[in-house]
Amino acid sequence: MGDDSGLGSDNIDWNTDDELEIEGFHSSCSTVSNAHTITAGSVEARSFAGPSNTKVFDNFISMGFPAEVVSKVIQEYGEENKDKLLEEILTYTALESSSQQQQQQVEPDPTSSEYAGSSWDDLSDDDAFSDDEMPKSGDDDTLLALVKMGFKEQEALVAIERLGQDASLDDLVDFIGVAQLVKAEDSLLPPEDKPQSSGHSKLKKRSLYEYEVLGKKRPKVIEKRGVCEEDDEAQALNLPNPMVGFGIPTEPSSLVTHRRLPENAIGPPYFYYENVALAPKGVWQTISRFLYDVEPEYVDSKYFCAAARKRGYIHNLPISNRFPLLPLPPRTIHDAFPLLRRWWPSWDPRTNLNCLQTVHGSARLTDRIRKAVESCEHLEEPTDVVKKYVLDQCRKWNLVWVGKNKVAPLEPDEVEMLLGFPRNHTRGGGISRTDRFKSLGNSFQVDTVAYHLSVLKEMYPDGVNLLSLFSGIGGAEVALHRLGIPLKTVVSVEKSEVNRNIVRSWWEQTNQKGNLIDMDDVQQLDSDRLEQLMSIYGGFDLIVGGSPCNNLAGSNRVSRNGLEGSESSLFYDYFRILDLVKAMAPRFR
DNA sequence: CCCACGATGACCGTCACG
DNA sequence: CGTGACGGTCATCGTGGG
């Protein structure tokens, strides 16, 4: 009897309108017997589709899915995760004609390997990495060695930064030792007292490790809430709520117009650094300490455009008399894409898009969603399960409604518009669609950056010399250009060749009068090269950079290593170059 | 009022494969 | 070049207890 269940159920028309019973009728005899018939006497399915599962089961049945598929999937995955269920049901439905392979569930065996080998415990509770896990680069080895010696990672990092990558281990240990001494004495020793060890003598006037040491977390002090007293110490960098930094164009109220910058942060030259706001803990503290203890300005670009983009900015620009690019971009999905309103279901409450990322939803995904919505077409509106599935996917992949029951990812030119770039900025010239998404996903939101940079306009009516590190597709350049700030000389460092081509192409199309010098590696920018450039073109007025976020971003499941990751550690090059330019600036004024 | 706690949701991504 | 598989870290918010 159970054998022909598949055939039997296939012949039943599940979409007859009498299936639309109200849930209150579940207890009725007819419904129950129906369910039994549906499962065609399959013992497992019947036992599974017992009283507690009737609702879930009926839910899917009322969506029009074949009962056999529903019961099979429920049996396999349980009923808790409805998203997974629907996914699987959709997959099965799509592969209807093909043969269904049965996967046997792996039962977790509590007695399998728990007490067999006790050595596993040692690995799990020790945070020290085994050597073969970290075969990376030389400086990582040094860092690892220091950490293994019992030093804090931050201390080790600062030491390496200060003494150079090639410093001997002994020197580094000495350095950290002195730093700890300073900390212990709680003194304010001037940096000249630190050991001028052999090797790299490019030590700066400033005492970085002093910040490092003194900036450490203090013994827990009883904190008074409510009163906003002036703290002499940089406490935990709290994200503002709402995330509007020092103000946004549309909310001029409650804006902070003045701030006190640390002495050695004051420009010129001005600098502007950007990265993801939601980095792993401690990352922004470290970044801030290196960038002269300037407090980050956290801004969500959803206050500038229709898509969210939570970013932290550290800069030494004035913050009064900012002005936005005009016209102000639309700040809701409907205003940005008025043509889509027609297709937008009333049960999709989104008004803002989530962060524009480097990846986008696939065509297959949008097809699955269409099927899911269509399966509920006989209803007033989709069931809660379908709604949740569709909305979750739409939020996850930033999908928009482009037709009846049809969702789609944004097109690259739509992303360009949202980010404030000219249309077709990234188009053509041999750039693939995938690369466009990637380049755009890594970019600035131009209106946000322009708002911050707008204060430069009256300061530099004749234009600026710009040093643009990790330029990407030229967000800073476009922002300054749209602000009407002439670009005299732009030195642009960008690894990706397609991105350099995009900036070069934009540069020529906009008839720039200045010079664009590009290079592909920040390592090329040493003091000699900077000296050469600045002697030819003059000093830099502005140093912009958004260093790679690969190892900081939450989407990264593979290598979210923090600031020491292979890409994100390029932040230290931003600091290195900025510090060089600052030191050289007085001679080129 | 304050705090602890759990639930919820977002996230400039990487990799292997065909 | 498109596609899917691949979790975890945090911030925020609501809630229940003190």
Side-chain angles (χ1 to χ4, degrees), chain A residues 80-81 83-84 87-88 90-91 94 222-226 236-243 273-285 298-302 305 307-313 349-350 352-368 388 391-398 408-410 412 415-416 418-421 426 430-446 448-449 470-473 475 494 496 498-499 545-563 565-568 570-571:
Chain A
E80 285 78 17
N81 192 341
D83 296 333
K84 182 67 180 170
E87 281 267 24
E88 290 302 320
L90 288 166
T91 307
I222 303 143
E223 301 188 10
K224 305 170 185 66
R225 295 285 176 101
L237 302 174
N238 292 329
L239 297 171
N241 190 10
M243 197 184 281
Y273 174 81
E274 179 259 12
N275 216 320
V276 290
L278 282 74
K281 266 187 172 160
V283 166
W284 274 106
Q285 278 87 342
Y298 296 106
V299 183
D300 189 340
S301 291
K302 76 176 181 182
C305 70
R309 207 168 188 79
K310 298 176 185 65
R311 295 294 179 267
Y313 306 89
R350 291 177 297 157
N352 279 98
L353 292 163
N354 282 334
C355 185
L356 305 167
Q357 302 191 138
T358 57
V359 289
H360 61 96
S362 68
R364 304 260 305 274
L365 172 67
T366 62
D367 197 46
R368 283 196 295 272
K388 176 155 172 41
L391 284 177
D392 282 351
Q393 296 298 312
C394 285
R395 280 194 247 259
K396 180 176 179 183
W397 294 102
N398 256 337
L410 295 170
V415 180
E416 283 169 355
L418 288 168
L419 291 177
F421 287 94
T426 60
I431 294 144
S432 74
R433 187 178 152 87
T434 305
D435 279 345
R436 287 182 78 187
F437 279 116
K438 181 164 185 175
S439 294
L440 286 162
N442 283 313
S443 171
F444 287 166
Q445 206 286 325
V446 170
T448 311
V449 172
F470 317 107
S471 303
I473 57 174
E494 168 59 38
S496 155
V498 290
N499 285 350
S547 64
C549 68
N550 304 25
N551 310 116
L552 310 177
S555 304
N556 190 342
R557 309 176 179 195
V558 181
S559 51
R560 199 184 187 189
N561 311 333
L563 207 54
S566 52
E567 278 84 31
S568 293
L570 288 171
F571 158 75

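Naming convention: chains lettered A, B, ... in sequence-line order (proteins, then strands); numbering from 1 in each chain. Predicted model only: the values in this text are computed from it and were never measured. What you see below is based on every heavy atom in this structure, not just the backbone, and it leaves out hydrogens, waters and symmetry mates.
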4.5 Å side-chain heavy-atom contact, A:Lys302 and A:Met243
no
Pick base, sugar-phosphate or nothing for A:Ser301, based on heavy-atom distances below 4.0 Å to the nucleic acid.
nothing
Of the nucleotides B:dT14, B:dG9, C:dG4, which has the atom closest to the A:Ser362 side chain?
C:dG4
Base, sugar-phosphate, or nothing: which does A:Asn354 touch, judged by heavy atoms less than 4.0 Å apart?
sugar-phosphate
For atom CG of A:Asn561 and atom C1' of C:dT9, their distance in whole Å:
13 Å
So, do A:Phe421 and A:Thr426 sit near enough that their side-chain heavy atoms are less than 4.5 Å apart?
no
Taking the P atom in each of B:dC11 and C:dC6, what is the distance between them to the nearest angstrom?
22 Å
Under a 4.5 Å cut-off applied to non-hydrogen side-chain atoms, are A:Val558 and A:Asn556 in contact?
yes
Round to a whole Å and report the spacing from CG of A:Asn551 to C1' of B:dT14.
11 Å
Calculate the interatomic distance between A:Lys438 atom NZ and B:dT14 atom P; express it in whole Å.
6 Å
Please tell me if the side chains of A:Cys305 and A:Val446 come closer than 4.5 Å, counting only heavy atoms from C-beta onward.
no
Which value, in whole Å, describes the distance between the P atoms of nucleotides C:dA5 and B:dC12?
23 Å
To the nearest 0.5 Å, how far apart are CD in A:Gln445 and CZ in A:Arg311?
10.5 Å
When rounded to the nearest 0.5 angstrom, what distance separates CG in A:Leu552 from OG in A:Ser568?
3.5 Å
Side-chain contact check for A:Asn442: nearest option of B:dC15, B:dC11, B:dC12 is B:dC12
Residue A:Val359, side-chain heavy atoms: nucleotide from C:dT9, B:dC12, B:dT14 that is nearest:
B:dT14
N/O-N/O pairs, protein side and nucleotides 11-15 of chain C side, under 3.5 Å:
| unit_1 | atom_1 | unit_2 | atom_2 | d |
| --- | --- | --- | --- | --- |
| C:dC13 | OP2 | A:Asn241 | ND2 | 3.3 |

Have a look at A:Arg557 and say if it touches a base, only the backbone sugar-phosphate, or nothing, with a 4.0 Å heavy-atom cut-off.
base
What's the NZ-P distance between A:Lys396 and C:dG7, to the nearest Å?
12 Å
Considering only heavy atoms from C-beta outward, does the side chain of A:Phe571 approach that of A:Val283 to under 4.5 Å?
no
Starting at the 5' end of DNA chain B, which residue's closest nucleotide do you reach first, A:Ser559 or A:Leu353?
A:Leu353
DNA chain C: A:His360 or A:Arg560, which has the more 5' nearest nucleotide?
A:His360
Between A:Ala553 and A:Arg433, who's closer to the 5' end of DNA chain C by nearest nucleotide?
A:Arg433
Please evaluate residues A:Asn398 and A:Leu356 with respect to the criterion side-chain contact (heavy atoms from CB on, under 4.5 Å), reporting the C-alpha separation (whole Å), side-chain torsions for both, the decisive distance (0.1 Å), and the verdict.
CA-CA 7 Å; A:Asn398 256 337; A:Leu356 305 167; 3.9 Å; yes
For A:Arg364 and C:dG2, what is the distance between atoms CZ and C1' respectively, to the nearest whole Å?
10 Å
Where A:Pro280 and A:Gly562 come nearest, the two heavy atoms and their spacing
CG-CA, 4.4 Å
Using a 4.0 Å heavy-atom cut-off across all strands, classify A:Glu274 as base, sugar-phosphate, or nothing.
base
Sugar-phosphate, base or nothing in reach of A:Cys355, heavy atoms under 4.0 Å:
sugar-phosphate
If I take atom OH in residue A:Tyr298 and atom P in nucleotide B:dC12, what distance separates them, rounded to the nearest angstrom?
13 Å
Given side chains that start at C-beta, do those of A:Trp284 and A:Asn275 come closer than 4.5 Å, heavy atoms only?
yes
Would you kindly give the NZ-to-P distance between A:Lys302 and B:dG9, to the nearest whole Å?
15 Å
Heavy atoms only, 4.0 Å cut-off, all strands: where does A:Arg395 land among base, sugar-phosphate and nothing?
sugar-phosphate
If I take atom CD from residue A:Glu567 and atom CG from residue A:Asn551, how far apart are they, to the nearest 0.5 angstrom?
5.0 Å
Taking the minimum atom-to-atom distance to the side chain of A:Thr434, which one of C:dG2, B:dC12, C:dG4 wins?
C:dG2
When rounded to the nearest 0.5 angstrom, what distance separates CD in A:Gln357 from CZ in A:Phe437?
12.5 Å
CZ of A:Arg350 versus C1' of B:dG9: gap in Å, rounded?
14 Å
With pairs defined as Watson-Crick or G-U wobble and both distances under 3.5 angstrom, please note down DNA chain B as a dot-bracket string, | for pairing with another strand.
|||||||||||.||||||
One should read off an interatomic distance between A:Ser547 OG and A:Leu563 CG, to the nearest 0.5 angstrom, of 7.0 Å
Atom pairs, N/O to N/O, protein against nucleotides 16-18 of chain B, distance under 3.5 Å?
none

When you measure from the side-chain N and O atoms of A:Asn550 to the phosphate of B:dC12, is any distance below 4.0 Å, counting only OP1 and OP2?
no
Answer whether the closest heavy-atom distance between the side chains of A:Leu419 and A:Ile473 falls below 4.5 Å.
no
OP1 or OP2 of B:dC11 less than 4.0 angstrom from a side-chain nitrogen or oxygen of A:Arg311, does that happen here?
no
